[in-house]
Structures are given as C-alpha cells and as structure tokens.
Colleague: 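Can you read through this structure? Questions will come right after.
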Amino acid sequence: MKRFLTYILAGMALVETSCSDFLDTIPHDALSPSTTWQTEADAQKFLIGCYDGWADDSGILYWDCASDFGFNYHLHEGWRTIGNGGMTSSNQVANYYSFGMIRRCNDFLANIEGIEFADAKKKDNMKGQVKTIRAYRYFLLNWLYGGVPIIDSYATGEEAQVPRNSVDEVKEYIYKDLDEAIPMLYKEPTARGYLAQGAALALKTRVALFYGDYQKAKDAAGQLMGLGIYQLDEDFMNLFNVAGQDSKEIIAACQADENLYSNWMIATMYNNADGGWSSMVPTQNLIDAYEMSNGLTKDEPGSGYDATHPFANRDPRMAMTVLYPGMEWEGSILNTLDKTIDGKKNPNYPADADNASKTGLTWGKYLNPMSQYADMWSTNAQLIVFRYAEVLLSYAEAENELNGPSAEVYGLLNKVRNRVGMPDVDQAKYATKETLRELIRRERGVELAGEGLRRLDILRWKDSSGKMVAETVLNGPLNRIVGTIDYAQTDPTLRATVTGVDLVENRTFVPYNRYLPIPLLALDKNKKLEQNEGY
C-alpha cells in the first residue's frame with residue numbers, strides 16, 4: 001500500500017493543475033504534455049493523480065449531517081445549513097461545484113491515446129478506471145446541483161464559459177462512461193485502492209437507483225453479484241476498523257497512510273473528552289429507526305420498547321454504529337447526559353462545550369476502538385465508498401419496485417439482517433410491494449448509517465403522495481434526549497435513564513432544497529450559468 005501511496009504523491013506532483021478558475025483550467029506553470037506523456041510509466045503516474053481525492057472522503061463522513069440521521073454543529077464546516085434548510089448562494093454551504101477532477105480525467109483520456117502499450121488490455125484498464133472516476137464526479141455534481149456543464153478541455157477561461165447541460169444529458173453521459181468502462185476494467189483490482197469492474201458496477205447501481213432506473217440498477221447489481229468476488233463480512237464492525245481493510249465486502253475505499261497520506265478527519269468525529277470536535281454526529285432519529293432485537297419496530301405492540309431506556313434490546317447494529325450514553329468506552333462509562341460527574345464538569349455535556357456532541361451521540365464506525373490509531377489526527381482509516389451490503393440492498397429495492405415481493409428479495413434482506421443476528425423478515429407482515437418498500441428503506445437506512453448515503457436516499461424516495469421523503473423527515477425540531485446515567489446499573493443499555501428531550505435546532509426543507517445553490521463565485525465567473533430555482 002505504501003508503494004501505491006508513493007505513486008499518489010508522485011502523481012500529484014505531476015498533475016496538480018488546480019487554480020481559482022471556475023472550470024480549473026490548466027495553469028501556465030504545469031508540465032507540458034509533450035514532454036511527459038511518453039511512456040506507460042508516465043500514464044501510470046497521471047493515473048494515480050486522478051485518484052487523489054476522487055471519492056470525496058470527507059463528504060462520506062459529513063453527508064449524513066445533511067439528513068435526518070446526522071448533525072453538524074460548526075457552521076464554517078458547511079453542512080449545518082444544508083441539514084437545516086438555511087442554504088443561500090453566499091453563506092456557509094459545503095461547496096462541491098468544482099471541475100478540477102473532471103479536467104484531470106479529460107486530460108488523461110486525451111493524452112493516453114498517443115502512448116503505445118505492450119499490452120492493450122492494460123491501457124484499456126487505465127482508461128476504464130479514469131472513466132469510472134469521471135462518472136463518479138459527474139454523478140456527485142448532478143445529484144447536488146442538477147444539470148451542470150459537460151466540459152471539454154479549454155485553453156482559456158473565456159472559452160470555458162459554457163452553459164449547463166440538463167440533468168438527463170448529464171445522466172446519459174454518466175451511463176455512457178460507465179458502459180464503456182465496465183468491459184475495459186479488470187475483473188479484480190491489481191492492488192488495494194485501484195478500481196475494477198465491481199466498483200464501476202456498484203456506481204452504476206447507485207446511479208440507476210437514484211434516477212429510478214430500476215431495471216438498470218437490478219442488472220448492474222446482478223452482474224456485480226455474479227462476479228463471485230465479493231461477500232458479506234461475518235463481522236460487521238470489522239469493516240470499519242483498520243484490521244478489516246482487506247475485507248471481501250469492500251468494493252472500493254479511499255486510501256490513506258498514517259505517514260504518507262493520512263486521514264485526519266477521523267479525529268474531528270470524536271467527542272470533546274477524547275480530544276475531538278464532534279464535527280459530525282448521529283441523531284436520535286437514527287436510534288429511533290432501529291428495530292427491536294425481536295424484529296418489531298419500536299412503535300409496534302409487543303415490541304418491548306421502553307422510552308426511558310431507548311438503547312435496550314435494539315438491533316445489534318445500533319451499538320456497532322453509535323457510541324451511546326451508558327456504554328463502556330475507553331475503560332470508563334460514556335456519559336453525555338449529566339452536567340457534572342463526581343462534582344466535576346462533564347466535558348461531554350452537550351450544552352457546555354462547542355466540541356461536545358450536541359446530540360449526545362457519537363459515531364462508532366471508524367472510531368471504535370480508539371486504540372487502533374496511534375495518533376487519531378494522522379490515521380490510515382480508509383473510508384468505504386462501495387461495499388457489498390449496499391449492492392444486495394439495492395438489488396432488493398430494484399427488484400421489489402419492478403416485480404414486488406419474492407423469495408429472492410426476502411433472501412437478500414435476510415442475508416444482511418442475519419449477519420448481525422437479526423431475525424428473518426416476517427413475510428406475512430411484509431407481503432406487498434408497499435410494505436416491503438418500507439422495510440427495505442429502513443434496512444438500508446440502519447445498515448448504511450454514517451456512510452454518506454442517507455441524504456441521497458431521502459431525496460430520491462417518494463412517499464405515497466409523491467413528496468420527497470426529505471420533505472417530512474427534515475421538517476421540524478431536531479431533539480436530543482436528556483436524563484442521567486445510573487453507574488450502579490451493570491447493563492450498558494439500561495444505564496441511560498431518559499427523562500425528556502431538549503432542542504438541538506429547528507429544521508426546514510422546501511422542495512427547492514433538493515439541490516444546493518451554485519456558489520456566487522462560480523456565477524460571477526461564468527455568465528452563462530443560471531442559479532438553481534429558489535436561491
């Protein structure tokens with residue numbers, strides 16, 4: 001892996017072309033293509049340059065803050081205004097309106113054609129990887145902003161002032177890149193960190209689900225499953241630990257190394273007493289989404305749910321995904337409920353410190369245990385972009401939307417549920433397309449929580465009236481629980497005694513919040529752009 005990351009640094013040195021131009025046109029001090037695009041080794045270095053930042057690893061952690069399942073307190077980080085509907089084109093909004101990565105990919109695909117390869121398949125594999133990266137970046141732009149320019153290589157900033165393409169035009173461009181890339185790619189990656197057919201098929205599955213192209217989603221997911229390479233990890237928590245980075249469930253992940261190319265974002269997730277910032281934290285809405293361990297939702301008769309002890313008898317994934325008050329943590333008991341502990345100020349009390357989790361909860365994925373990192377500010381945490389469980393759930397969703405419930409759909413859901421000890425789906429209760437849709441959505445939500453997909457899902461899902469699910473779950477107060485910790489209680493799930501709720505913030509979502517505003521700077525530099533409706 002260190003060799004791969006050394007290539008990344010070398011590639012970055014060669015291909016760094018960022019500047020303040022709105023389409024990131026090539027700077028005058030860049031290396032000349034005529035002197036660098038000569039050999040297969042040159043192509044390899046530029047290929048690694050296309051991987052640098054390709055998958056938005058910080059966004060993977062932050063994007064759930066723009067949903068009902070997460071919260072971002074620090075305004076300057078840019079996700080709080082997305083989550084609470086306070087976005088404008090000039091305030092603190094995470095900015096993804098950038099074409100630098102796409103420009104790198106365009107230049108790579110244009111220049112590699114002039115290089116002779118001893119093995120034509122190796123050349124095609126490189127092109128397939130870059131087409132997949134470009135498709136990923138266009139998909140990111142399309143779901144965040146709607147139609148965006150499909151850019152070419154431009155010599156000047158004036159030439160690069162081009163209008164937006166439509167959502168459908170960008171969608172078809174993404175499909176074209178992926179359909180060309182899939183047969184070009186090797187079946188298996190040459191080393192950890194490189195993309196292969198599975199990654200392109202996983203992306204096509206995600207893209208097709210987003211656009212409601214269920215047959216395309218089912219076909220892509222089915223093709224990926226047919227590769228016979230990927231499988232569910234027996235240990236759910238292993239996926240998010242350093243020890244599990246070679247899990248057969250992981251299809252693609254962002255690479256990092258604590259010495260050469262570290263991931264410092266992990267530290268920002270820890271709570272105040274651990275030296276973190278609580279930058280992105282889960283919400284009680286996520287806790288409420290987990291079924292009870294008996295497979296009933298918390299609101300169903302006979303579920304056994306006790307609002308006084310909301311963490312007891314839940315889906316095991318809750319305790320694997322969220323650090324909750326009362327659990328064992330770093331040789332002590334995690335307490336985010338009491339203002340003082342043994343007469344001393346509690347550094348994790350939500351109202352007393354900016355860096356304390358305002359929801360009283362912290363993500364467990366990637367953070368538990370802390371001992372896996374020698375320095376939490378310089379980790380080799382490798383954030384998952386695609387994993388096999390998502391593919392199984394996507395196939396199940398697409399098949400249900402196309403044909404309704406079937407033994408195949410139940411079987412896929414049971415695989416994901418049984419992995420963590422949850423019971424099989426109650427086929428009598430979930431016997432229609434509509435009821436099974438509800439279960440699939442819930443299963444997807446809790447399985448993939450904290451992995452950056454929740455906002456994507458609540459924007460694409462519609463309720464029975466045709467409204468986006470986001471219009472319901474992102475309107476109203478976001479609350480945290482209040483109460484106390486009983487240190488005499490031996491069961492961690494019963495230590496938190498809840499007495500009520502307190503307001504974290506009020507949230508709103510109107511239909512035009514479906515897209516982010518295009519930043520004013522981009523509009524100023526490209527007069528042919530038009531702002532998204534509502535901003």
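Quick note: residue numbers are just sequence positions, from 1.
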Colleague: Just checking, is any N or O donor in the side chain of N335 or D338 under 3.5 Å from an acceptor N or O on the other one?
Modeller: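 Judged by distance alone, the side chains do pair up.
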Colleague: Would you please classify the geometry between the W377 ring and the W277 ring as parallel, tilted or perpendicular, with 30° and 60° separating the classes?
Modeller: tilted
Colleague: Could you tell me which non-hydrogen atom of R444 sits nearest to which non-hydrogen atom of L209, and how far apart they are?
Modeller: NH1-CD1, 4.1 Å
Colleague: Taking N414 for the side chain and V425 for the main chain, is one N or O donor matched with an acceptor at less than 3.5 Å?
Modeller: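 Checking the backbone N and O of V425 against the side chain of N414, a donor-acceptor pair under 3.5 Å is found.
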Colleague: Using modelled atom types only, decide if a donor and an acceptor are shared between the side chain of D57 and the backbone of C254 within a distance under 3.5 Å.
Modeller: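 Checking the backbone N and O of C254 against the side chain of D57, no donor-acceptor pair under 3.5 Å is found.
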Colleague: How far apart are the closest heavy atoms of I333 and G326, and which atoms are they?
Modeller: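 Smallest interatomic distance, heavy atoms only, reads CG2-O, 3.8 Å.
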Colleague: Could you verify whether a donor N or O on one side chain and an acceptor N or O on the other, from N513 and Y535, lie under 3.5 Å apart?
Modeller: yes
Colleague: Tell me the closest heavy-atom pair linking F311 and T493, and the distance in Å.
Modeller: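 Result for this residue pair: O-CB, 3.5 Å.
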Colleague: Ignoring hydrogens and angles, state whether a donor on the side chain of S279 or E77 is under 3.5 Å from an acceptor on the partner side chain.
Modeller: yes
Colleague: Closer than 3.5 angstrom, by distance alone: can the side chain of D426 be matched with the main-chain N or O of K429 as a donor-acceptor pair?
Modeller: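 Yes: the side chain of D426 pairs with the backbone of K429.
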Colleague: Whether the Y395 and E408 side chains hold a donor-acceptor pair (N or O, under 3.5 Å, no angle test) is what I'd like checked.
Modeller: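 Yes, E408 and Y395 have a side-chain donor paired with an acceptor closer than 3.5 Å.
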Colleague: If the test is ring pair (Phe, Tyr, Trp, His ring centres under 6.0 Å), which one of Y145, W143, F139, W63 qualifies with Y96?
Modeller: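 Result for ring pair (Phe, Tyr, Trp, His ring centres under 6.0 Å) with Y96: W63.
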Colleague: Can you tell me if R454 and N285 form a side-chain donor-acceptor pair at under 3.5 Å?
Modeller: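 R454 vs N285: no donor-acceptor pair found between side chains.
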Colleague: Any idea which heavy atoms bring E451 and D64 closest together, and the distance?
Modeller: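 Closest approach of E451 to D64, heavy atoms only: N-OD2, 3.9 Å.
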Colleague: Please check if the side chain of N272 supplies one atom and the backbone of P347 the other of a donor-acceptor pair under 3.5 Å.
Modeller: yes
Colleague: Parallel under 30°, tilted from 30 to 60°, perpendicular over 60°: which one fits the rings of Y51 and W54?
Modeller: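 Plane angle over 60°, so perpendicular.
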Colleague: Quick one: does NZ or CZ of R314 land under 6.0 Å from the six-membered ring centre of Y290, within 45 degrees of the ring axis?
Modeller: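 Checked: cation-pi criterion not met.
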Colleague: Would the distance check show the side chain of T81 and the main-chain N or O of Q92 forming a donor-acceptor pair, the cut-off being under 3.5 Å?
Modeller: yes
Colleague: Quick one about D354 and Y73 (side-chain donor to acceptor, distance below 3.5 Å, no hydrogens or angles considered), yes or no?
Modeller: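 D354 and Y73 do have a side-chain donor-acceptor pair below 3.5 Å.
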Colleague: Under a 4.5 Å cut-off applied to non-hydrogen side-chain atoms, are E390 and L453 in contact?
Modeller: yes
Colleague: Answer yes when R495 and E328 have at least one side-chain N-carboxylate O distance shorter than 4.0 Å, and no when they do not.
Modeller: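 E328 and R495: salt-bridged.
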Colleague: Less than 3.5 Å apart, any donor N or O on the side chain of N418 or D424 sitting next to an acceptor on the other?
Modeller: yes
Colleague: Distance alone, cut at 3.5 Å: any donor-acceptor contact between the side chains of T379 and N263?
Modeller: no
Colleague: Report the distance from atom CG of L523 to atom CG of L520, rounding to the nearest 0.5 Å.
Modeller: 6.0 Å
Colleague: For the atom pair OH (Y305) and CG (D299), what is the distance rounded to the nearest 0.5 Å?
Modeller: 8.0 Å
Colleague: Between D233 and N238, do the side chains contain an N or O donor and an N or O acceptor separated by less than 3.5 Å?
Modeller: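 Looking only at side-chain atoms, N238 and D233 do form a donor-acceptor pair, the distance falling under 3.5 Å.
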Colleague: For the residue pair Y97 and A522, what are the closest heavy atoms and their distance?
Modeller: CD2-CB, 3.7 Å
Colleague: Just by distance, with hydrogens left out, do E258 and W264 show a side-chain donor and acceptor under 3.5 Å apart?
Modeller: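 Result is no, nothing qualifies.
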Colleague: Can you establish whether the number of heavy atoms outside K433 located under 6.0 Å from its atom NZ is more than 12?
Modeller: yes
Colleague: Give a yes or no answer on whether the side chain of N142 reaches the backbone of V167 with a donor-acceptor pair at less than 3.5 Å.
Modeller: yes
Colleague: Under a 3.5 Å threshold, yes or no: a donor from one side chain and an acceptor from the other, between N475 and T508?
Modeller: no
Colleague: With a 3.5 Å cut-off and no angle check, do the side chains of E300 and S303 form a donor-acceptor pair?
Modeller: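 Side-chain D/A pair, E300 to S303: absent.
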Colleague: Which heavy atom in T359 sits nearest to a heavy atom in V281, and how many Å separate them?
Modeller: OG1-CG2, 3.5 Å
